[in-house]
Each structure stands twice: as C-alpha cells, then as structure tokens.
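To keep things clear, I will list the structure first and then write my remarks on it.
Each chain gets a letter, A, B and so on, in the order its sequence line appears, and its residues count up from 1.
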Amino acid sequence: MRLSRYFIPTLKEAPAEAELVSHQLMLRAGLIRRLGSGLYTWLPLGLRVLRRVEQVIREEMNAAGAMEVFMPAVQPAELWQETGRWDVFGPLMLRMKDRHERDFCFGPTHEEVITDIARREIKSYRQLPVNFYQIQTKFRDEIRPRFGVMRAREFSMKDAYSFDADKAGLAKSYQAMFDAYTRIFTRLGLRFRAVAADTGAIGGSASHEFQVIADSGEDAIAYSTDSGYAANVELAEALAPAAPRPAAARPMEKVPTPGKVRCEDVAALLGAPLATTVKAIAVMHDDEFWLLLVRGDHTLNEVKASKVPGLAPFRFATEAEIERHLHCKPGYIGPVGLAPELRVVADRSVAAMADFVCGANEEGFHFTGVNFARDLPEPAAVADLRNVVPGDPSPDGKGTLQIARGIEVGHVFALGTKYSEAMGASFLDEQGQPHPPEMGCYGIGVTRVVGAAIEQNYDERGIIWPTPMAPFQLGLVPIGYHKIDAVREATENLYRQLTEAGIEVLLDDRAERPGVMFADMELIGLPHRVVISERGLKEGQIEYQGRRDAAGEKLDCRNAIALLSERIS
RNA sequence: CGGGGUGUGGCGCAGCCUGGUAGCGCGUCUGGUUUGGGACCAGGAUGUCGGAGGUUCGAAUCCUCUCACCCCGACCA
C-alpha cells in the first residue's frame with residue numbers, strides 16, 4: 001500500500017475528549033473517529049486491525065468446531081418477551097418501532113435468536129452437539145459510554161452458542177471454548193488471565209472471564225500468589241478469620257462523636273484502628289429493612305450481598321427509611337438495640353470481632369467495646385459480604401491474594417437450559433424422550449480487544465502492535481524518494497519483492513521530510529521498518545529497525561529480502 | 001439519574017469577568033528554499049463563536065431556555 005494514496009489522518013495532539021492512552025492513540029493514529037457518544041467510525045487503518053483480530057478469532061473458532069452464522073442485528077420484541085428479558089433488560093436495550101408500530105430492539109445479545117433457530121431446526125440428539133458463532137454489531141445503551149471503543153454503545157462482538165444433549169456434553173463444549181479463547185488471546189499477543197466470574201442471576205455451573213491485564217481496566221481481579229486461583233473480585237471469596245472471636249474485654253460505652261459520620265473519622269477521633277470499627281449498611285428488600293455489617297476497613301460486595309437468602313433484589317435504603325426504622329440519621333447507625341423484626345447480616349470478619357466500635361443509633365454518638373451475645377444478639381445470619389483485599393488468604397488455601405486491574409475481553413458461560421426451556425426448544429434422545437438442550441454462550445469483545453491491546457503495547461511515540469494484529473507488517477521509509485532516482489528505484493524494487501514475498505508493506509511515498517515520516521510510522525505502530533537512503537545505498541545497505549528496538553541495523557541489499565522475510569514471518 | 005465542566009476554523013486553545021463585530025499555535029493551500037527525526041521564508045483559504053429566544057444603539061461576551069459532548073458519582077451510614 002502506498003501511503004500517498006491511503007487514508008491515515010494522524011494527529012499531533014490528542015483530542016480533549018480522550019482520556020485513556022489507547023483512546024488517544026487510536027484517534028491520533030487515524031484508526032477511529034467519533035460520531036456520537038459511544039459511536040465510532042473505523043477508518044481504513046483501524047478496520048484492517050479489526051479484521052486481523054476477527055481473522056484469528058474465526059480460525060480458532062472454526063478449529064474448535066464452531067460454525068459461523070450471521071443473525072439479524074434487529075430483533076422482534078416477541079422473542080424477548082418469551083424469555084421475559086424484554087422487561088428485564090431495561091434501558092440498556094435500544095428499542096424501536098417499525099411502520100406497523102411493532103416493537104423491535106437493536107440486539108444487545110443473541111440468545112433468543114439462536115434459541116429460536118435451535119427450536120425450529122434441532123430435533124434429534126443426532127444433531128448434537130453443535131456450536132454456532134457470529135461476529136456482529138451489538139448495541140447496548142450504556143449508562144456512561146467512555147474510554148473510546150473500550151466501553152462504546154455500538155461495538156463488534158463475537159458471540160457463540162453451544163447446544164448439547166446433557167451436562168457432560170456442555171462441560172466439554174465449555175472447555176473447548178475456554179481452550180479456544182486461550183489460544184485466541186495468546187495468538188493475539190496479549191497478557192491475559194482467565195478468572196472465575198459471577199454467574200449472576202442467570203445461574204449455571206461455570207463462568208470465566210478473560211481479562212487483559214492493564215492498570216486502566218474497569219474490573220478488579222483477585223489472584224493467588226502461590227496457586228492458579230484467580231477470580232473477579234465480585235466473586236472472590238473472603239474466608240472467615242482463622243482465629244475464633246476473642247472474649248469480651250471491655251465494657252460497652254457510649255462516646256460522643258459529633259460530625260463523625262464515616263468509619264475513618266470515628267476511628268481517627270477515638271484513636272482506634274479502622275479494623276476495630278463496624279459499619280452498618282441499610283438496605284431494603286421490598287419493604288423489609290435489613291442491616292448489613294462489614295468491618296470499617298472493608299467494603300460491601302453487592303454481588304455477594306444479593307446472594308444472601310431472601311435479600312435479593314435489594315437497594316440501598318433512603319435517608320427517610322433509615323430514620324423511620326432506626327430513628328437516627330445515617331452516619332450513626334449500628335446493630336445495637338434494634339427492633340427484633342429488623343434483619344441483621346454480619347460479614348464473616350465482623351462475626352469474629354470483639355470490643356468493636358459502631359454507631360449508637362443516636363445522632364452524634366457511637367458505642368465502643370461492643371460485643372455480640374453480651375450487648376446485642378448474635379447476628380441472625382453470617383455471610384461473606386465484603387470485597388477481598390490484598391493480603392487476604394486465598395480461598396483455595398494456597399498463598400495470599402493480590403488484586404490487579406483487568407479489561408474484560410472475553411466471557412464464557414455455561415447457561416444450562418434457561419433459554420431452551422423458556423422458548424420451548426427440545427430434542428428427542430435415543431429413547432424418543434424430549435429434552436431441552438444444554439446451552440453455553442461465549443463472547444469476545446472484538447472492538448474492545450483492539451483498545452485493550454494498545455493499553456498493553458505502546459510507548460511515548462505511539463502504538464506498538466503485536467504482530468498478529470498489525471495493519472501492515474512493515475513500513476518502508478525512503479529518504480529522498482521524489483528527488484533521488486536511485487532511492488526511488490531501490491524502494492520500488494524492494495516494495496515489489498517484499499509484496500511478492502507475501503509481506504504486507506506500507507510504503508511512505510509522500511513528499512514529507514524524514515522526521516514526519518518516522519513520527520507517523522512510529523505512531524501507527526507497525527512492527528517492522530526499513531529505511532532506504534542514498535547514503536545507505538552507496539554502501540549497498542538498507543536499514544532495518546523493529547518497533548521496539550532502540551537502534552537500527554544495517555542489512556546488505558543483496559540478501560535483504562531473505563533476512564526480512566525471516567524476521568517478519 | 002445526581003453533581004461538575006466544556007462547546008470559538010480540521011486539532012489544541014485564548015478572548016467572556018469589565019459588550020464595540022474574532023485571535024494564537026498546529027494543520028491545510030500556493031510559491032520558493034530545504035531534506036536522516038514533526039523545517040524555514042512569503043502569501044492565501046477556512047468561523048452562522050453549539051442552537052433558539054431575550055436585553056442593548058451594538059452580544060462570542062449579559063439573561064433565559066435548549067442541544068451536544070466530557071469528567072466524577074451512584075460503596076453510603
């Protein structure tokens with residue numbers, strides 16, 4: 001490709017709208033342009049990268065036995081009403097009406113559509129197992145689109161759906177996808193980790209997220225220092241403290257804490273460690289008022305809280321509700337002296353505390369030296385309610401946990417029969433008995449992968465593409481292309497030979513100064529660069545430099561093609 | 001949805017407080033000189049100052065409404 005006839009609108013300065021490095025670089029390198037909030041046009045260079053990612057995905061999905069299909073982006077509401085998700089999805093789903101006033105949505109996902117195919121077409125166990133995938137544009141009306149293509153509203157996703165005759169088959173299909181994903185992200189040159197993930201309200205037997213490790217990631221993942229354990233913090237279990245609760249040693253006292261609303265402030269005022277305080281979090285389940293207790297230095301994990309029997313779905317209580325039930329303003333509430341009908345759930349670490357500090361249910365006062373059994377009843381329920389923190393013991397008993405940030409680029413999910421049952425899909429087994437197929441679904445955020453790759457691979461000069469994703473393999477930079485015949489001839493010669501060798505070359509044949517060409521080439525991040533100059537040609541040499549190399553290296557013109565082919569393949 | 005902020009040429013910004021009819025850098029176009037790290041000189045083009053309404057002799061500037069975009073929050077007892 002000749003740069004003079006190609007379209008790569010690079011920018012010296014990053015537009016103010018971009019905060020994340022990958023977003024800035026994608027704009028500066030001329031990969032994308034924003035159309036509206038969470039909506040991006042992929043320009044030619046960006047699209048080439050996207051196609052590269054898709055290619056790797058297709059190869060590995062096909063190798064894993066999945067078959068590509070292409071489903072409609074726009075879906076009729078009736079399908080979603082069958083599974084009840086027309087109402088469940090809420091404002092995240094973009095809805096529209098056709099000329100007949102029929103309801104449609106722009107598909108945020110495709111379980112309903114593929115299950116509709118399955119119930120029409122899959123009638124016999126002989127047709128199983130089967131796995132369909134597509135690469136499709138999805139739309140999710142995110143609360144807050146941000147970070148460019150990382151959290152866009154319209155985005156490209158590879159989604160696959162497996163159908164099996166039984167749970168053992170599903171486990172196999174799931175593993176096959178897990179392995180395929182591992183190969184895909186490995187081939188793409190990403191540093192990633194598969195982590196156990198929450199199965200959420202959907203249930204199911206297994207779920208893993210594939211997280212690209214990056215400080216800018218929106219997800220927190222916990223991993224063990226000494227074992228393979230890794231899980232999304234939403235899911236990572238906080239074990240109960242190993243030591244039993246100490247005996248009460250101090251009397252309960254009410255102390256004035258005016259204006260001290262946060263645990264940190266109360267602890268500082270009293271000169272007590274934060275870990276000796278307890279915060280009470282008021283939540284509502286319908287009309288029931290619940291108090292959740294976590295240690296002052298811990299934070300509530302809402303996913304875990306929603307797994308407490310009887311609590312889901314819950315929301316945080318309003319100030320008025322808190323005053324009605326506790327006769328006290330938020331900031332001073334606590335578990336002592338509660339009306340018996342109020343429900344209290346203590347985190348495991350709170351249940352092991354003695355002589356702790358908590359709100360006195362009286363504005364401006366806290367209690368110190370509080371003890372279960374003596375000053376208040378033992379908590380009605382004890383559960384794992386908190387987010388793990390670095391240094392917690394690993395749930396598998398090996399080592400301690402550390403926390404890293406990750407960008408979720410893939411998610412595999414064992415669904416079971418939720419959708420097949422809801423939509424009446426069934427097949428006949430060997431005995432002629434009908435069963436709903438066991439389903440799995442498997443997603444990869446294709447557009448997000450591009451952003452995530454940049455987050456992991458850039459320097460002060462620009463992008464550094466992992467080779468399998470690079471839009472071109474090699475950039476050819478002639479110095480004096482338009483002035484010096486020898487340079488132009490050598491360049492054209494090399495360009496032709498490299499192209500014939502199957503290497504994708506971007507030739508910078510613009511009449512630009514060398515500095516501009518170098519800067520642009522580094523910004524767009526091609527892995528290999530060759531410079532051709534008059535002075536080099538006189539020595540019979542050209543100059544090669546890898547994008548990560550500190551300096552160039554001279555190659556003899558006569559065997560340059562062979563040497564370059566070797567490096568690039 | 002709540003809070004904050006920003007909309008001025010393709011990009012980055014100044015001007016606004018204290019009204020007088022728009023400016024800087026980059027980019028872009030033309031000519032010339034340059035040519036191994038984002039050149040220099042000269043000349044040029046590009047703005048309904050997000051939109052609507054109002055105040056005023058006069059509005060980018062003041063007022064009202066509105067739209068778009070960005071950031072933060074939604075972990076709080």
Any A/Arg513 side-chain nitrogen or oxygen under 4.0 Å from OP1 or OP2 of B/G38: no
Under 4.0 Å, heavy atoms only, any strand: does A/Arg461 hit a base, just the sugar-phosphate, or nothing? base
Between B/C72 and A/Arg144, is there an OP1 or OP2 to side-chain N/O distance shorter than 4.0 Å? yes
Pairs satisfying ring-ring contact (aromatic ring centres under 6.0 Å, His included), at least one member in residues 268-298 of chain A, at least two apart: A/Phe289-A/His325
Look at A/Ser37 and B/A68 and indicate whether a side-chain polar atom (N or O) is within less than 4.0 Å of OP1 or OP2. no
With the threshold set at under 4.0 Å for non-hydrogen atoms, list the residues of residues 525-552 of chain A touching RNA chain B in residue-number order. A/Arg529, A/Val531, A/Ser533, A/Arg535, A/Glu543
Near RNA chain B, under 4.0 Å by heavy atom, which residues of residues 374-384 of chain A? none
Provide the distance between the two C1' atoms, one in B/A60 and one in B/C16, to the nearest whole Å. 7 Å
Considering only heavy atoms and no angle criterion, is a donor-acceptor pair shorter than 3.5 Å present between the side chain of A/Glu522 and the base of B/G37? yes
Only counting residues at least two apart or in another chain, list the ones meeting side-chain contact (heavy atoms from CB on, under 4.5 Å) with A/Pro256. A/Pro258, A/Phe365
Nearest-Å distance once atom C1' is located in both B/G7 and B/G44: 28 Å
Residues of residues 15-29 of chain A with a heavy atom under 4.0 Å from any atom of RNA chain B, listed by number, are A/Pro15, A/Ala16, A/Glu17, A/Glu19, A/Arg28
Counting only pairs under 3.5 Å, give me each side-chain donor-acceptor contact of residues 352-363 of chain A, with atom names and distances, residues two or more places apart or in other chains.
residue: A/Asp355; atom: OD1; partner: A/Ala249; partner atom: N; Å: 3.2
residue: A/Asp355; atom: OD1; partner: A/Arg250; partner atom: N; Å: 3.2
residue: A/Asp355; atom: OD1; partner: A/Asn371; partner atom: ND2; Å: 2.8
residue: A/Asp355; atom: OD2; partner: A/Ala249; partner atom: N; Å: 3.1
residue: A/Asn361; atom: OD1; partner: A/Gly334; partner atom: N; Å: 2.9
residue: A/Asn361; atom: ND2; partner: A/Gly334; partner atom: O; Å: 3.0
residue: A/Asn361; atom: ND2; partner: A/Val336; partner atom: O; Å: 3.2
residue: A/Glu362; atom: OE1; partner: A/Lys254; partner atom: NZ; Å: 2.6

Under 4.0 Å: is that the gap between some side-chain N or O of A/Lys12 and OP1 or OP2 of B/C11? no
